[in-house]
Amino acid sequence: MGKDTTSRHHAPRGRAVDPHARQEVEAVLNGLPLDRPLLIEHLHALQDRFGVLLPRHLVALADLLKLAPVEVFEVATFYAHFRIADDDDALPHGPVVRVCDGLSCALHGADALLADTTARVGQRARVERAPCIGLCDHAPAAQVGRRAIPDATADAIEDRILSGRYGARLPAAIGLAQYRAEGGYALLDTCRAGVKTPEDVFTHLDAAGLRGLGGAGFPTGRKWRIVRGHPGPRMVAVNADEGEPGTFKDRHYLETEPHRMLEGALIAAWAVEAEDIYIYLRDEYPAVHALLKREIAALDDAGLLGDVSIHLRRGAGAYICGEESAMLESIEGKRGLPRQRPPFVAEHGLFGRPTVVNNVETLHWVRAVLEHPPEWYAATRPRAYSVSGRVQYPGVKIAPSGITVRALIEQHCGGMAERHTFAAYLPGGASGGIFPESLGDVPLDVGTLEPHGGLIGSAAVIVLSDQDDVRAAALNLMRFFAHESCGQCTPCRVGTTKAAALLARKDWDRPLLDDLAAVMRDGSICGLGQAAPNVWDTVLRHFPEAKA
Ligand SMILES: Cc1cc2nc3c(=O)[nH]c(=O)nc-3n(C[C@H](O)[C@H](O)[C@H](O)COP(=O)(O)O)c2cc1C
Ligand code: SF4
């Protein structure tokens with residue numbers, strides 16, 4: 001992680017628990033069980049209350065949880081959203097302002113916005129540069145406290161601070177009553193009533209061809225069958241971390257129709273006989289958090305949860321926690337370090353139990369797929385493309401798998417933005433590589449971009465124009481990876497930082513970059529380190545003018 005973990009603060013060893021600090025912590029945690037897996041929730045509660053984490057509170061929390069203080073400190077320092085101050089520092093009085101510097105926002109003036117905002121409100125708020133916050137269709141974007149500021153300007157940010165209102169604002173989603181009135185949860189009832197068997201569902205999903213939409217594209221029916229094949233108890237974990245730069249589809253689905261995902265998750269739980277569903281939601285989506293909390297409570301009130309408990313967990317600003325095993329570690333209250341495999345999470349997942357991990361969008365489609373004959377979905381395999389960058393109308397576009405980027409731009413985005421000519425694109429956010437316009441007719445699907453050095457991933461399509469510099473784009477992405485590497489594998493930790501330095505040079509050192517790519521691909525545990533070289537590899541391959 002790109003966090004400073006070596007600052008002057010934090011002397012965890014040998015500190016006595018301050019009784020007053022202990023009382024303060026107990027008061028803040030009022031009602032939250034003192035369980036280790038809830039550590040990140042505890043840290044959020046403390047930071048929400050005091051604006052920062054204070055060492056005396058962390059020591060008291062460790063004592064309450066019966067953990068060594070160092071365990072609490074190492075978790076707190078891993079996550080970018082936690083900020084540890086000194087015990088005698090004055091508590092912050094203004095909100096944190098996060099100005100997104102993801103690629104889409106960078107194309108729309110993020111640097112200037114950050115400078116203007118810092119100059120304007122730097123005395124009244126803590127202004128930070130933030131990795132992609134999932135508002136790429138409204139770039140440049142920012143957050144003031146828990147409030148999203150789409151199409152941000154320094155004026156809008158200052159007005160929001162002056163208003164003193166920067167809590168999350170609930171989206172106008174389809175609530176439980178309307179969802180049920182439109183046939184929602186009938187399918188779940190049918191499953192629970194025994195009209196369908198789990199095997200019917202697995203076979204149907206297989207025949208329809210539903211594959212995971214979080215990035216890896218694993219067939220969903222097969223995944224569920226594998227999990228059910230391992231001895232219980234089993235778990236379901238919903239991946240709502242959505243950290244891939246350029247991706248905002250899960251936010252869209254959750255803000256508009258959260259019950260589609262919830263019904264999909266409950267069907268998964270029924271199919272694998274899980275009694276617990278964990279939803280891991282990125283901390284950048286506080287409005288969705290409030291909405292899900294409300295709708296889960298409504299489900300409970302309506303008796304629709306049956307024997308299942310749904311646990312909503314808040315991330316804390318770590319892209320790596322989207323990687324499924326890191327996500328499970330984080331749900332267990334630990335640092336988000338990806339696990340070595342095997343064993344795979346389907347066998348040894350959350351709390352050591354066989355676990356279905358699915359992306360929000362995968363679960364969103366489950367109801368529609370199962371309500372139609374398999375051919376319905378199989379015919380076009382629709383999915384959401386998060387389109388941003390230089391198009392006229394960015395946004396979430398539901399289109400067939402295999403559509404080309406050219407068709408997406410022309411048929412779904414109103415063409416290119418004024419005065420911009422299509423020059424290049426990213427099909428899968430930071431991990432999927434950068435391609436020239438001449439490859440604009442390659443179908444966007446699992447397996448089609450690999451021969452060209454990239455991948456579709458979560459279908460985060462960022463469109464670049466003749467006015468953009470692909471090398472600057474590559475540098476933006478590599479700085480993101482260097483910031484977000486969890487640091488566990490040397491090739492990834494050192495390699496991403498080294499690559500960022502190499503890509504910042506005027507002339508790119510191709511032999512050195514090729515060597516680095518080979519070492520990172522071979523020596524990295526997870527997809528972050530393995531896919532990061534796609535960035536420069538595709539630029540060197542497809543944009544000869546970028547060569548040294
Ligand atoms: C570095 C990295 C980040 C990832 N981030 C996400 C993410 O934010 N959301 C997601 O659903 N999957 C993400 N994935 C993929 C997950 O590991 C996993 O494949 C997915 O959640 C499985 O769900 P699915 O089969 O429904 O796609 C990421 C993978 C890697 C290697
Ligand atoms: S590849 Fe990178 S992000 Fe993944 S486990 Fe290794 S160091 Fe961490």
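Computation of the quantities below employed the complete heavy-atom set of this structure, encompassing side-chain atoms and omitting hydrogens, waters and symmetry-equivalent molecules. Position 1 is the first residue of the sequence; numbering continues from there. For ligands, and for the atoms within them, numbers begin at 1 and follow the listed sequence.
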TODO: Could you check whether the rings of Y79 and F82 sit parallel, tilted or perpendicular, using 30° and 60° as the cut-offs?
DONE: perpendicular

- [ ] Over 60° means perpendicular and under 30° means parallel, so classify the ring planes of W376 and W365, tilted if in between.
- [x] tilted

Between [X] and [Y], does any side-chain donor sit less than 3.5 Å from a side-chain acceptor?
X	Y	value
D200	T197	yes
R521	N534	yes
T362	T220	no
T203	E199	yes
Y179	E295	no

Open item on the list: Out of all atoms in ligand 2, which are within 4.0 Å of some heavy atom of S485? Include the element for each.
Closed with: 2 (Fe), 7 (S)

Task: Atom indices of ligand 2, in the order listed, that fall short of 4.0 Å to a heavy atom of G529 - done: 1 (S)

Test: [X] and [Y] ion pair at under 4.0 Å:
X	Y	value
R381	D445	yes
E242	R251	no
R98	E284	no
D101	R479	no

TODO: May I ask you to check if any N/O/S atom from C486 comes under 2.8 Å of atom 8 (Fe) of ligand 2?
DONE: yes

Could you tell me, atom by atom, which parts of ligand 1 come under 4.0 Å of a heavy atom of [X]?
X	answer
D241	8 (O)
A216	19 (O)
N358	23 (O), 24 (P), 25 (O), 26 (O)
T362	24 (P), 26 (O), 27 (O)
G243	8 (O)

Task: Any K223 heavy atom less than 4.0 Å from ligand 1 - done: yes

Open item on the list: So for E242, does at least one of its heavy atoms come nearer than 4.0 angstrom to any atom of ligand 1?
Closed with: yes

Specify the protein heavy atom at minimum distance from [atom]: its residue, its atom name, and the distance to 0.1 Å.
atom	value
atom 2 (C) of ligand 1	E323 CB, 3.8 Å
atom 21 (O) of ligand 1	N239 ND2, 2.9 Å
atom 6 (Fe) of ligand 2	C489 SG, 2.2 Å
atom 27 (O) of ligand 1	G214 N, 2.8 Å
atom 24 (P) of ligand 1	G212 CA, 3.4 Å
atom 17 (O) of ligand 1	E324 N, 3.0 Å

Open item on the list: Counting the benzene-type ring for Trp, do H259 and Y185 have ring centres under 6.0 Å apart?
Closed with: yes

Task: Within reach of ligand 1, part of L213 (heavy-atom separation under 4.0 Å) - done: backbone

- [ ] For ligand 1, note which part of N359 has a heavy atom under 4.0 Å away: side chain, backbone, both or neither.
- [x] both

Task: N/O separation below 3.5 Å, G527 to ligand 1 - done: no

Open item on the list: Please state which option from G429, G322, P219 has its nearest heavy atom closest to atom 4 (C) of ligand 1.
Closed with: G322

- [ ] Check each heavy atom of C526 against ligand 2 and say whether those closer than 4.0 Å belong to the side chain, the backbone, both or neither.
- [x] both

Open item on the list: If you count heavy atoms of other groups shown closer than 6.0 angstrom to CZ of R341, is the number above 12?
Closed with: yes

TODO: Please find out if atom 2 (Fe) of ligand 2 and some N, O or S atom of C492 are separated by less than 2.8 Å.
DONE: yes

